[in-house]
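Heads up, the thing below is written out as structure tokens.
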Amino acid sequence: MDSSIKIYLSIPVALPDRQKVINVIERYMSNYGMDRRETPIVNYYKPGQIYNSEVVANNDIFVFTDKLQWDITLQSLPVGVKNELKKAMQLRKDIF
């Protein structure tokens with residue numbers, strides 16, 4: 001039986017080339033879960049969309065970045081991304 005795995009991208013709206021970063025991460029995650037017959041569904045906040053504070057809880061995997069580097073310090077993250085990351089950690093989500 002096929003099922004889905006929900007992946008949430010937490011990426012600052014003000015990030016230059018935000019859509020490029022989203023596209024790169026979506027491509028990277030596009031095969032995630034396929035070995036378990038799970039179809040990845042990638043979600044992220046779109047400007048103008050009503051923000052759901054339960055977005056982290058409603059997804060299986062949490063991906064965050066504010067650039068295409070993986071050496072980000074917690075202190076340098078924007079407030080929204082930092083709060084989502086803390087929530088993902090509290091919920092013991094898989095984090096990339």
Side-chain angles (χ1 to χ4, degrees):
M1 181 172 124
D2 289 339
S3 62
S4 64
I5 186 159
K6 294 182 274 182
I7 301 168
Y8 181 72
L9 309 181
S10 181
I11 300 173
V13 173
L15 179 68
D17 297 325
R18 181 176 190 256
Q19 192 58 52
K20 178 182 173 187
V21 173
I22 289 169
N23 293 344
V24 167
I25 296 172
E26 279 184 316
R27 275 195 309 273
Y28 178 77
M29 300 300 290
S30 66
N31 292 322
Y32 189 89
M34 295 301 229
D35 58 330
R36 296 180 307 275
R37 298 178 56 100
E38 295 174 319
T39 304
I41 299 172
V42 178
N43 298 299
Y44 54 90
Y45 176 78
K46 297 158 190 78
Q49 176 181 20
I50 296 174
Y51 183 75
N52 177 355
S53 61
E54 291 299 311
V55 69
V56 175
N58 293 334
N59 285 277
D60 304 304
I61 295 178
F62 182 80
V63 178
F64 79 99
T65 189
D66 67 350
K67 41 188 146 175
L68 288 176
Q69 298 172 343
W70 297 101
D71 60 346
I72 299 166
T73 63
L74 189 60
Q75 294 80 9
S76 70
L77 293 173
V79 172
V81 174
K82 187 185 312 182
N83 289 340
E84 290 175 347
L85 176 59
K86 287 179 182 179
K87 182 71 170 180
M89 290 167 54
Q90 289 172 347
L91 295 172
R92 299 185 191 276
K93 298 288 181 176
D94 287 338
I95 300 172
F96 293 88

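Along the sequence shown, residues are numbered consecutively beginning with 1. We use all heavy atoms of the structure for the numbers below, so side chains are in, but hydrogens, waters and symmetry mates are not.
- Under a hydrophobic clustering in which Ile, Leu, Val, Met, Phe, Trp and Tyr are joined whenever their side-chain heavy atoms come within less than 4.5 Å, directly or via other members, Ile41 and Ile11 fall into different clusters.
- Residues meeting the side chain to side chain contact (heavy atoms under 4.5 Å, CB included) test with Asp17, sequence neighbours left out: Lys20.
- To the nearest 0.5 Å, atom CZ of residue Phe96 and atom CD1 of residue Ile25 are 11.5 Å apart.
- Residues Asn43 and Asn59 form a side-chain contact, since some pair of their non-hydrogen atoms from C-beta on lies under 4.5 Å apart.
- Of the candidates Ile7, Ile95, Leu91, Phe62 forms a side chain to side chain contact (heavy atoms under 4.5 Å, CB included) with just one, namely Ile95.
- Counting only heavy atoms from C-beta outward, the side chains of Tyr44 and Ile22 approach each other to under 4.5 Å.
- In this structure, the side chain to side chain donor-acceptor pair (under 3.5 Å) partners of Asn23, at least two apart in sequence or on a different chain, are Gln19.
- Across every non-hydrogen atom of Pro78 and Pro12, the tightest pair is CG-CG, 3.5 Å.
- Side-chain contact between Glu38 and Asp60: absent, with no pair of heavy atoms (C-beta onward) separated by less than 4.5 Å.
- Pro47 is linked by a side chain to side chain contact (heavy atoms under 4.5 Å, CB included) to Val13, Arg18, counting only residues two or more places apart in sequence or in another chain.
- The side chain to side chain donor-acceptor pair (under 3.5 Å) analysis of residues 84-96, with sequence neighbours excluded, yields the pairs Tyr8-Glu84, Ser10-Glu84, Tyr51-Glu84.
- Asn31 pairs by the side chain to side chain contact (heavy atoms under 4.5 Å, CB included) definition with Met34, not counting sequence neighbours.
- Among residues two or more places apart in sequence or in another chain, the side chain to side chain contact (heavy atoms under 4.5 Å, CB included) test is passed with Asn83 by Val79.
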